[in-house]
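We use all heavy atoms of the structure for the numbers below, so side chains are in, but hydrogens, waters and symmetry mates are not.
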Amino acid sequence: GLAPAISDWLRGSSNPRDVAERQTILAMQQELAQAGGVRRHLEYVKAVCQRYAADPRGWLLLFGPAGNGKTHLAAAIANERLRQGQPAAFVVVPNLLNYLRQAFAPDSGASYNDRFDEICNAPLLILDDLGTQKSTDWAIEQLYMLFNHRYNRELPTVITTNCSLDQLEATLEYRMVSRDGTVRWFRDVA
């Protein structure tokens, strides 16, 4: 599934940074539940995105059904950072994987490592449409390494998806082979 740290975060890590982030999100969810009404909900989500764009820290996950404006909000965050003179990388996940895969072509002008490092170390990375990629072992491994790198270095990351958290975890299930040759699912060893 997700990188160990992300999976821990979703499932209840005791890391103080994760606990603080989870408490903030839970407070936001409670505030949202009390706000009532679609208009108030949209205003609240917009305000969260504006605060994030002003000072991106941690990860922001925008999820819900297609057509609700997740990509629009993510692009607005990128545009605000660019307006402030700060770099931001916006990429649709299947296009990202294709971009990395193209590095293996004989006429590629850039190495895989250069391309992967460029994405991994973007000061702000926005990944649009996570969960729409073809979930090959290679694709899952690339996403795992990307998430793990960004999480460990505390690099701001925005993710949009039409998937629920459970669907994401099932889609991105990462298998690890132990020394005795048995396959273990990522969440079993985290």
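Under a 3.5 Å cut-off, the side chain of Arg81 and the backbone N or O of Ala76 do not form any donor-acceptor pair. When atom types are taken as modelled, the side chain of Thr160 and the backbone of Thr71 share no donor-acceptor pair closer than 3.5 angstrom. The closest donor-acceptor contact from the side chain of Asn68 to the backbone of Gly64 lies at 3.5 Å or more, if one exists at all. No side-chain donor-acceptor contact under 3.5 Å links Asn95 to the backbone of Val91.
Considering CG of Asn162 and OG1 of Thr132, their distance stands at 8.0 Å, rounded to 0.5 Å. Within the model, atoms CD of Glu118 and CG of Leu125 stand 10.0 Å from one another, a figure rounded to the nearest 0.5 Å. Atoms CG and CG, on Leu96 and Asp128 in that order, are 11.5 Å from each other to the nearest 0.5 Å. Here CG of Leu100 is found 11.5 Å from CG of Asp114. Values are rounded to the nearest 0.5 Å. In this structure, CG on Leu82 lies 9.0 Å from CG on Leu124, to the nearest 0.5 angstrom. Note: Ile140 CD1 to Met145 CE = 12.5 Å, rounded to the nearest 0.5 Å.
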Apply side-chain contact (heavy atoms from CB on, under 4.5 Å) to the pair Leu146 and Thr157, showing each step before the final yes or no. CA-CA 11 Å; Leu146 174 64; Thr157 306; over 6 Å; no
As a quick check of understanding, evaluate salt bridge (Lys or Arg N to Asp or Glu O under 4.0 Å) for Glu80 and Arg83, giving each step before the final call. CA-CA 5 Å; Glu80 177 59 19; Arg83 189 189 68 72; 2.7 Å; yes
Before you tell me yes or no, could you show the steps for Gln50 and Ile77 under side-chain contact (heavy atoms from CB on, under 4.5 Å), namely the whole-Å CA-CA distance, both residues' side-chain angles and the distance that decides it to 0.1 Å? CA-CA 7 Å; Gln50 287 173 328; Ile77 290 170; over 6 Å; no
Evaluate Arg101 against Asn98 for side-chain contact (heavy atoms from CB on, under 4.5 Å), listing each step before the verdict. CA-CA 5 Å; Arg101 207 175 289 114; Asn98 190 45; 4.0 Å; yes
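Cation-pi geometry between Arg57 and Tyr52 is not met at under 6.0 angstrom from the ring centre and within 45 degrees of the axis.
Paired with Leu127 under the rule side-chain contact (heavy atoms from CB on, under 4.5 Å), one option of Val93, Val92, Val158 passes, and it is Val93.
The ring pair (Phe, Tyr, Trp, His ring centres under 6.0 Å) analysis of residues 107-132, with sequence neighbours excluded, yields the pairs Phe104-Tyr112, Tyr112-Phe116.
Leu155 and Leu60 sit in two unconnected hydrophobic clusters of ILVMFWY residues. Membership requires side-chain heavy atoms under 4.5 Å apart, directly or through other members.
When all heavy atoms of Leu97 and Gln133 are compared, the closest pair comes out as CD1-CB, 3.6 Å. Shown here for Lys70 and Thr161, the closest heavy-atom pair between the two residues is CE-O, 3.2 Å. Closest non-hydrogen pair, Leu130 versus Phe147, comes out as CD2-CZ, 3.8 Å. The two residues Ser108 and Arg115 make their nearest non-hydrogen contact at OG-NH2, 3.9 Å. Closest heavy-atom contact between Leu62 and Ala74: CD1-N, 4.3 Å. Considering all non-hydrogen atoms of both residues, Pro123 and Pro87 come closest at CG-CG, 3.4 Å.
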